[in-house]
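Remarks on the structure that follows.
Computed from a prediction, not measured in an experiment: that's the story for all the values here. Scope of the values below: all heavy atoms of this structure, side chains included, with no hydrogens, waters or symmetry mates.
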Amino acid sequence: MDSDQFREFGKAMVDYIADYLDNIRNRKVLPSVNPGYLQPTIPQEAPQTGENWKSIMEDIERVIMPGVTHWHSPNFHAYCPTANSYPGIVGEMLSAGIGCVGFSWMSSPACTELEVAMMNWLGKLIGLPEEFLNCSNGSGGGIIQGSASESTFIALLTAKERMVRNIKNVHPQLDEGLIKAKLVAYTSDQANSSVEKAGMLGSMPMRLLPTDQNGCLRKETLEEAISNDKNAGLIPCYVVATLGTTGTCAFDNLEELGPVCRREKLWLHIDAAYAGSAFVCPEYRYLMRGVEYADSFDFNPHKWMMVNSDCSAMWVRNSRHLVEAFNVDRIYLQHEHEGVAPDYRHWQISLGRRFRALKLWFVLRSYGVEGIQKHIRSQIELAHYFEKLVKDDSRFEFACSSMGLVCFRMKAGDRLTQTLVDKLTQRKNIYVIPCYFQGNYVVRFVVCSRLTEIRDIDYGWREICEVASEILNGYIT
Ligand code: PLP
């Protein structure tokens, strides 16, 4: 494909994407295909000779769209948001066009320098303490990782390395392998699955501690678990606190947990994957009080801040610990400016890295602080509007709400609430998923798409009411 064909193909694709998003309401939010649907729609082998871009374009509606779950449909209310915006998409395009690999400052200086600058902008935007920022003159700093899962895992590996070094400093004769085998980590039973996975991958048992009735991990529970492990001869090492749990968007109390971690010299990582974007609005920052106790903090602009995936923003208080854990040198990676700017390969798992800061830059400049605040506030307002609809209908029971998420159930009980979710999923007009809250099966309704408006909340509510009526009238069992 030459540049003339690229211009045609690229422009046609921009039009296709704009049309897709403009008309996304006309599509069922969930696809109607079965596993294996795609294979018969394409040849068994790659084509022998190149095809015209127009025939590739034609296959998008035929092959791809029938199997797409439309995450940006205003009727998508499952899981949590995944970001999509035009400046974010254009940023991705430029990143692909430049196609550099920014593993060190030298490998593409703009890639590192824009990332450093954007992580400062972003850290200031959400009110992170100065010591986490690259511009603090201290050892803190930020990096864009691929996912919150990656950040939790990276923080665990770093905590492990720091703990082993600290112990070896005092007891140099101790075997590193034996120390590592005794390390333990803690989080709550409401933490995202990725936290448990980090423990599995990092060979550090992750204790999933019980939470209080609001889904928050409390100080006494953490202290008791630490004490039990110490009595059993184990070494507490790593704690993951969640600001905005996946199930119900509960917030662990950092002012309680932080001092325990500080006293016990445990690495405290904060996973604010979804809710972290809300800290752009000063009125929600009280939920991150105690963040100054953290060793690392992560949230996903690719969830709720309109930056297309992947863009997970991670800050550490002391980047030296990361470098000590991840530094493997080779002559082909060295350059004359080492140590002046971060060489991000020491802060992550992979060597190569994409120019992800571009899309963040484009989004922050296109919307500005006010535009992003408006986005967050309006999505929370839509959730409040939905909450009122639930509370005003005697067939339903409100369970809890936080940020853009509302949980509720049918008063008729768990079984019929489950029937409601199943039927809604079969109808494919809206998409919601369940979770458990205080032992009850509840429906999670999340305002996800940036395109969702009041009329879409009304549409979703009508759909829920219609199915609930059918269930209560005995038409569906
Ligand atoms: N942490 C929390 C609290 C989440 O809600 C999620 C995803 O929903 C994750 C982590 C995982 O995020 P990622 O897909 O970026 O790994």
Point to revise | Step-by-step side chain to side chain contact (heavy atoms under 4.5 Å, CB included) determination, R356 to S95 | key: CA-CA 7 Å; R356 291 182 286 220; S95 169; 5.9 Å; no
**Study point:** Salt bridge present between R62 and D59 (N-O < 4.0 angstrom)
**Key:** yes
Review point. Does a side-chain N-to-carboxylate-O contact under 4.0 Å join K391 and E387?
Key: yes
Point to revise | Steps toward side chain to side chain contact (heavy atoms under 4.5 Å, CB included) verdict (Y186, L222) | key: CA-CA 8 Å; Y186 308 87; L222 177 63; 3.8 Å; yes
**Study point:** Exercise: identify the closest heavy-atom pair between D295 and L266
**Key:** OD2-O, 3.6 Å
Review point. With no hydrogens and no angle check, is any side-chain donor or acceptor of N192 less than 3.5 Å from a backbone partner on S194?
Key: yes
**Study point:** Near-ring test Y431/F76, centroid separation under 6.0 angstrom
**Key:** yes
Practice item. Verify, without hydrogens or angle tests, whether Q373 (side chain) and V280 (backbone) share a donor-acceptor contact under 3.5 angstrom. Key: yes
Check your understanding: Judged by atom type as modelled, is there a donor-acceptor pair below 3.5 Å linking the side chain of S55 to the main-chain atoms of E51?
Key -> no
Check your understanding: In Å and rounded to the nearest 0.5 Å, what is the CD1 to CH2 distance from I126 to W315?
Key -> 4.0 Å
Check your understanding: Where does the angle between the aromatic ring planes of W347 and Y344 fall among parallel (under 30°), tilted (30 to 60°) and perpendicular (over 60°)?
Key -> perpendicular
Review point. Does D310 pair with K359 as a salt bridge, N-O distance under 4.0 Å?
Key: yes
Exercise for review: Find out whether L358 and I98 are in side-chain contact, i.e. whether some heavy atom of one side chain is under 4.5 Å from a heavy atom of the other.
Suggested key: yes
Exercise for review: Run the numbers on R27 and E61 for salt bridge (charged side-chain N to carboxylate O under 4.0 Å, His left out), then give the verdict.
Suggested key: CA-CA 12 Å; R27 297 180 190 254; E61 281 299 323; 2.8 Å; yes
Point to revise | Side chain to side chain, P301 and L122, heavy atoms closer than 4.5 Å | key: yes
Check your understanding: Taking the side chain as C-beta and beyond, is there a heavy-atom pair between S188 and L208 under 4.5 Å?
Key -> no
Exercise for review: Check for a donor-acceptor pair, side chain of T417 on one end and backbone N or O of G413 on the other, with a separation under 3.5 Å.
Suggested key: yes
Check your understanding: CG/L156 to SG/C237 distance, rounded to the nearest 0.5 angstrom?
Key -> 7.0 Å
Point to revise | Aromatic ring proximity F355/W361, centre distance under 6.0 Å | key: no
Point to revise | Test log, rule salt bridge (charged side-chain N to carboxylate O under 4.0 Å, His left out), inputs R409 and E397 | key: CA-CA 5 Å; R409 64 198 291 265; E397 184 180 295; 3.5 Å; yes
Point to revise | Stepwise side chain to side chain contact (heavy atoms under 4.5 Å, CB included) check, L209 with D189 | key: CA-CA 5 Å; L209 304 177; D189 58 10; over 6 Å; no
Exercise for review: Assess whether side chain to side chain donor-acceptor pair (under 3.5 Å) is satisfied between Y20 and H70, documenting all intermediate values.
Suggested key: CA-CA 10 Å; Y20 167 68; H70 301 287; 2.6 Å; yes
Point to revise | Worked check of side chain to side chain donor-acceptor pair (under 3.5 Å) between E8 and W53 | key: CA-CA 9 Å; E8 283 177 13; W53 67 264; 3.3 Å; yes
Check your understanding: Taking atom OG of S147 and atom NE2 of H302, what is their separation to the nearest 0.5 Å?
Key -> 7.0 Å
Exercise for review: Given side chain to side chain contact (heavy atoms under 4.5 Å, CB included), test V442 with C435 step by step and report yes or no.
Suggested key: CA-CA 6 Å; V442 298; C435 76; 3.7 Å; yes
Check your understanding: Counting distance only, does the side-chain N/O of Q190 pair as donor-acceptor with the main-chain N or O of C216 below 3.5 Å?
Key -> no
Check your understanding: So, the side chain of D2 versus the backbone of D4: is there a donor-acceptor pair under 3.5 Å, distance only?
Key -> yes
Review point. Just wondering, are more than 12 heavy atoms of other shown residues or ligands nearer than 6.0 Å to CD in E196?
Key: no
Study note, to complete from the structure: To the nearest 0.5 Å, atom CE of M13 lies from atom CZ of F6 at 10.5 Å
Review point. In terms of side-chain geometry, is the basic nitrogen of E470 or R395 positioned less than 4.0 Å from the acidic oxygen of its partner?
Key: no
Practice item. Answer yes when R25 and D456 have at least one side-chain N-carboxylate O distance shorter than 4.0 Å, and no when they do not. Key: yes
Check your understanding: Say you draw a straight line from CG of L382 to CZ of F445; how long is it, rounded to the nearest 0.5 Å?
Key -> 9.0 Å
**Study point:** Closest non-hydrogen atom pair, A275 against F251
**Key:** CB-CZ, 3.6 Å
Point to revise | Close side-chain approach of I457 and V447, heavy atoms under 4.5 Å | key: yes
Review point. With a 4.0 Å cut-off, would you call R218 and E220 a salt bridge?
Key: no
Practice item. Kindly give the heavy-atom pair with the smallest separation between D414 and Y441, and that separation in Å. Key: OD1-N, 3.1 Å
Check your understanding: Does OH in Y436 sit with more than 12 non-hydrogen atoms of other residues, nucleotides or ligands closer than 6.0 Å?
Key -> no
Check your understanding: For residues T242 and D271, is any side-chain donor paired with an opposing acceptor at under 3.5 Å?
Key -> no
Check your understanding: Picking from F398, F386, F437, what satisfies ring-ring contact (aromatic ring centres under 6.0 Å, His included) with F408?
Key -> F386
Check your understanding: Okay, side chain of R444, backbone of Y79: is any donor-acceptor separation there less than 3.5 Å?
Key -> yes
**Study point:** Test side chain to side chain donor-acceptor pair (under 3.5 Å) applied to S312 and N300, step by step
**Key:** CA-CA 4 Å; S312 191; N300 283 351; 2.5 Å; yes
Point to revise | Flag side-chain contact, heavy atom, 4.5 Å: M118 against L364 | key: yes
Practice item. Write down the atom of V101, the atom of G352, and the distance for their closest heavy-atom approach. Key: CG1-CA, 3.5 Å
Review point. Should the pair E92-R354 be classified as a salt bridge under the 4.0 Å nitrogen-to-oxygen rule?
Key: yes
Review point. So, D392 and K388, do they make that salt bridge, N to O below 4.0 Å?
Key: yes
Practice item. Working to the nearest 0.5 Å, report the span between CE of M288 and CZ of F279. Key: 5.5 Å
Exercise for review: Determine yes or no for a side-chain-to-main-chain donor-acceptor pair under 3.5 angstrom, with D212 supplying the side chain and G215 the backbone.
Suggested key: yes
Review point. Would you find a donor on one side and an acceptor on the other, under 3.5 Å apart, between the side chain of Q348 and the backbone of S350?
Key: yes
Point to revise | Considering all heavy atoms, the nearest L420-A468 contact | key: CD1-N, 3.9 Å
Point to revise | Electrostatic pair R427:E466 at N-O distance under 4.0 angstrom | key: yes
Check your understanding: How far apart are the C-alpha atoms of W267 and T158, what are their side-chain angles, what is the distance that settles it, and do they pass the side chain to side chain donor-acceptor pair (under 3.5 Å) test?
Key -> CA-CA 9 Å; W267 184 289; T158 312; over 6 Å; no
Review point. Between E115 and R353, is the closest basic N to carboxylate O distance under 4.0 Å?
Key: yes
Review point. Taking side chain as C-beta onward, heavy atoms only, is Y274 less than 4.5 Å from C249?
Key: yes
Exercise for review: Ignoring hydrogens and angles, tell me if any N or O in the side chain of S449 forms a donor-acceptor pair with the backbone of L451 under 3.5 Å.
Suggested key: yes
Point to revise | Heavy-atom closest contact (T69 atom, P31 atom, distance) | key: OG1-CD, 3.4 Å
